[in-house]
Structures are given as structure tokens and as C-alpha cells.
Amino acid sequence: MCPVCNHTLISHRDGASEKLLAYTFSALIFLLLSLPFNFLTFKASGQKHSIDLPTGITVLIENDYLSLAIITSLATLLLPGMVLGGLLLLSLAQIQNRRPFYLPRLYKLVKALLPWSMAEIFLVGTLVSLIKITELADVSIGLSFYAFVGFSAFTALCISQFDPTRYAMWMSQGQPPQPKPLCEAQAQESIQRTWALLITACILYIPANVLPIMYTEFFGQETPNTIIGGVISLWESGSYPVAIIILVASVVVPVAKIIILAWLNFSVQREKTTSKQLRIRYYRITEAIGRWSMIDVFVVAVLVSLIQMGNTMSIYPGQAALAFCAVVFVTMIAAMTFDSRLIWQQWKQLP
């Protein structure tokens, strides 16, 4: 435990590498099983449309939603697969007590990709999508959906079992990682970059909420849906838990993250010496919850992939989908570029 902020730096787990290897291998098997079989089937007005995960990405590309297809495939399949492959090699290397030349770069790559691995968020988005469309038509779940549940569960177990500090110490022959020096120029750069990203997020947040996030076409009549409009319609239809989830993930979390990061950046810029414990706690919270705002983007991706029945019933993404996605990414990058060492150090006194 850190004697200053009581944060867990390293923890001992019996058979941690063996468990990580088993969880990683299981997650990869479930990932492969989630690809070839049917994921969801939508039936309405005598028509039927089924998708598997690769087909869902293909549908987005065929309808000229390439950016949404790239984001969905990277965040839900490719990056989680790369993270699992990296964890597999790291756990094997530690079990065999081998330190090949590529291991430090692999370790850094896994740490960098972990925040962008969003399989469990996509699963929650899929569940929200099912609740949204069960009132419109019959939806059945395929084998790939259950495999994806297993993939998400074992991926979460892998992340919980992976201890970056313990692996860093093992790679450096038991020596703790050396602290990196901080200078005034780096501190100023961190503060300015964070302000720039937060201002960008605020600007993008306006079209993300004002413009439609998706369009619903029903027998030739097109209806735009904004984020707040979707929350209101879900609440009025009696889906209170789903409405609360969307409200928290799409409205409360992004706004709270921008406010907290702005407060943190202002406090370090002014070199506030009070409430250090509170500030570092809020910083870690923003790091943990920021990516969950992607739920609404994945809801749109699932609905667009599944409901494509011409004029009878179709759903298309709106301009707000990419704007909101950009808000999430920019705030995540802002949290990463904010140098938390400034909470503890007076940057104007640095060399």
C-alpha cells in the first residue's frame, strides 16, 4: 500500500500467473466461438434478419457507416483479442521464468490497450438494445451471444488478475520501477494539453446532445432520436432501469468527468496543497468510469446492424453518434494526459 494515498501498489495472489493463463486461454476460446454462429435474430412484419458479429460489422460498412464499423470492431473484438494475446504471452513467460527481448514492449502495449478494450461495455449495450426493441418485434438470441457473454466474463477475470506492478518488478529482476523525474516544462505541457482536450470535449458535447444519435424509419416515416429523447421515451414506456443506465452513462458520466478533470487541472495549475487525497480519489474514479459512456454508441451499432428491413423498419445512425464517441475518446485521453504527479508536487518549484 502507498503510505501517502493508501492505493494498492502490489498484491500477492497464489498461482496468479497460472490463473491468468487459464482465464486468458478460456477467453480466447470464447472469442473464437462468438464469431461463426448466429448472434441475434430480429423478426417483424413477416420479415426476418439474423446477424453474427462479423456480419454486423459488414452491414455497417455496406451502409456507409465505416467509422462506426471501425470503432465497434476495434473496441469489441480486435483490441480485446490483442490484449488477451499479450496477457497469454506474459503469463507464459513468467511461468517459464523467461524474459525474451520483446517482453518490455509487449507489457507496455498491453497496458496501453487495456482502457480501449470494451467487450463488457458492448455486452451491456447489446442487452440495452434488446430491451429497446423487444416492444417492436420478436428478438431471439443465438449461440454466439452466449459465447460472447463467456468471452466478456473471462476477459474481466483476466483484467482483475493482471497486476502490472508485479509484472514490472518481475521483468526488472525484482527491482521496483524507478520513479520518473518531472520538470516544469512537462508540467506546463500536461496542464495545457488537458485544458485543450477538455475544451474540445465541451464543444463536441453540444452536437452530441442536440443532434439525433439515430433515426428510426417505420413504413417510410423517419423519426429522429436524441440521447435525452431516448431516455425520456424509455422512461415513459416503463423501462426505468434502462433509462437510468443510459442517463448515467451518456449524460451524468461525461459531464461529471469533464467537471472533475477541469477541477483537477485548475487545482494543480494553481498549486493547491489541500484535499490531495480527495483529488487523487476522484482522478482514479474518472479513469475507471469514463469508457462506460460508450454504451449508447454500441446500442446504436447493434440496432443499425440488426434492423435493416427497407421501408418497413430500419434504423440509421445520426450525426450525434460520432460526436458523442469523440467526446468519450477525448475525455479518456484527457484523463491519460493529465499528470497525476502534479497533485503531489509543486510544479513551479521543479527544475
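Computed from a predicted model, the values in this text were never measured in an experiment. No hydrogens, no waters, no symmetry mates; every other heavy atom, side chains included, goes into these values.
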side-chain hydrogen bond (donor to acceptor under 3.5 Å, both in side chains) evaluation trace for Thr216 with Asn225 = CA-CA 8 Å; Thr216 303; Asn225 303 101; 3.1 Å; yes
Within a radius of less than 6.0 Å around NZ of Lys108, do more than 12 heavy atoms belonging to other residues, nucleotides or ligands occur?
-> no
So which heavy atom on [X] is nearest to which on [Y], and how close?
X	Y	value
Pro254	Tyr205	CB-CE1, 4.0 Å
Met118	Thr76	O-CG2, 4.3 Å
Thr72	Phe298	CA-CE2, 4.2 Å

Ring centroid separation Phe162 to Tyr167 under 6.0 Å =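 Yes.
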For the ring pair Phe338 and Tyr283, is the centre-to-centre distance below 6.0 Å?
->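 Phe338 vs Tyr283: aromatic centres under 6.0 Å.
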Residue that, paired with Asp296, satisfies side-chain contact (heavy atoms from CB on, under 4.5 Å) out of Ile227, Val251, Ile245 | Ile227
Parallel, tilted or perpendicular: which fits the ring planes of Phe145 and Phe39, with parallel below 30° and perpendicular above 60°?
->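 Rings of Phe145 and Phe39: tilted, 30 to 60°.
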Do Asp339 and Ser190 have side-chain N/O donor and acceptor atoms under 3.5 Å apart?
->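 Their side chains do not contain a donor-acceptor pair, so the 3.5 Å distance test is not met.
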Compute whether any side-chain donor of one residue and acceptor of the other, for Asn209 and Thr226, lie under 3.5 angstrom apart.
-> no
Candidate pair Glu120 and Arg291, rule salt bridge (Lys or Arg N to Asp or Glu O under 4.0 Å), full reasoning = CA-CA 11 Å; Glu120 70 281 11; Arg291 63 200 194 103; 2.4 Å; yes
Any link between Leu78 and Phe151 through a network of hydrophobic side chains (Ile, Leu, Val, Met, Phe, Trp, Tyr) touching at under 4.5 Å?
->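 The answer is yes; both residues are in one hydrophobic cluster.
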Which ILVMFWY residues are connected to Leu9, directly or by a chain of links, through side-chain heavy atoms under 4.5 Å apart?
->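 Grouped by the 4.5 Å side-chain rule, Leu9 forms a cluster of one, so the answer is none.
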Heavy-atom distance under 4.5 Å between the side chains of Leu113 and Val110, does that happen here?
-> no
